[in-house]
Undergrad: 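Before anything else, here's the structure in question.
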Amino acid sequence: MRDRTCHLIVQQSLITDATLQGITVPTMVLWTTKDPSGPVDEAERIASHIPGAKLAVMENCGHWPQYEDPDTFNKLHLDFLLDRS
């Protein structure tokens with residue numbers, strides 16, 4: 001089932017591995033542990049195809065982490081944007 005879910009995510013978004021590999025700007029892939037759209041494994045796969053991508057996973061958040069945990073969400077984004085890794 002999980003493999004099928006990941007496959008559907010890719011199909012629905014129409015983002016191919018080649019497209020991901022062509023991203024050349026600094027990129028943060030933000031995922032959550034309770035997002036119904038797909039497991040963290042999918043975020044790991046996506047990040048692995050983007051050269052130099054940073055993966056950030058927010059624990060105990062679903063599809064709206066900016067509302068569920070705004071402090072963590074904002075910190076992750078500011079740290080990324082200000083290159084404070």
Undergrad: Determine the minimum heavy-atom distance between Met28 and Leu76, stating which atoms define it.
TA: SD-O, 4.0 Å
Undergrad: Looking at every heavy atom in both Pro65 and Leu30, which two are closest together, and how far apart are they?
TA: CG-CD2, 4.5 Å
Undergrad: Can you pull the side-chain hydrogen bond (donor to acceptor under 3.5 Å, both in side chains) pairs that have at least one residue in residues 20-29, sequence neighbours excluded?
TA: Gln21-His49
Undergrad: Nearest 0.5 Å please: distance from the CD1 atom of Ile15 over to the CD1 atom of Ile50.
TA: 8.5 Å
Undergrad: Looking at Asn60 and Thr33, what are the two nearest heavy atoms and their distance?
TA: N-OG1, 2.7 Å
Undergrad: Closest heavy-atom contact between Ala53 and Ala47?
TA: CB-O, 3.6 Å
Undergrad: Tell me if a side-chain donor or acceptor on Trp31 pairs with a main-chain N or O of Glu42 at a distance below 3.5 Å.
TA: no
Undergrad: For a quick test of reading the model, state the closest non-hydrogen atom pair linking Asp69 to Met58 and the distance between them.
TA: O-CE, 3.6 Å
Undergrad: Tell me whether Val25 shares a hydrophobic cluster with Val29, the cluster being built from Ile, Leu, Val, Met, Phe, Trp, Tyr side chains joined at under 4.5 Å.
TA: yes
Undergrad: Does Lys34 have any salt bridge (charged side-chain N to carboxylate O under 4.0 Å, His left out) partners at least two apart in sequence or in another chain, and if so, which?
TA: none
Undergrad: Is there a donor-acceptor pair closer than 3.5 Å between any side-chain N or O of Thr32 and the backbone N or O of His63?
TA: no
Undergrad: Kindly write out the residues that satisfy ring-ring contact (aromatic ring centres under 6.0 Å, His included) with His77, not counting sequence neighbours, or none if the list is empty.
TA: Phe73
Undergrad: With a 4.5 Å cut-off on side-chain heavy-atom distances among I, L, V, M, F, W and Y, is there a chain of contacts connecting Val40 to Phe80?
TA: no
Undergrad: Say whether Ile46 and Val57 are linked into one hydrophobic cluster, either directly or through other cluster members, by side-chain heavy-atom distances under 4.5 angstrom.
TA: yes
Undergrad: I need the minimum non-hydrogen distance between Leu78 and Arg84, along with the two atoms involved.
TA: CB-NH2, 3.7 Å
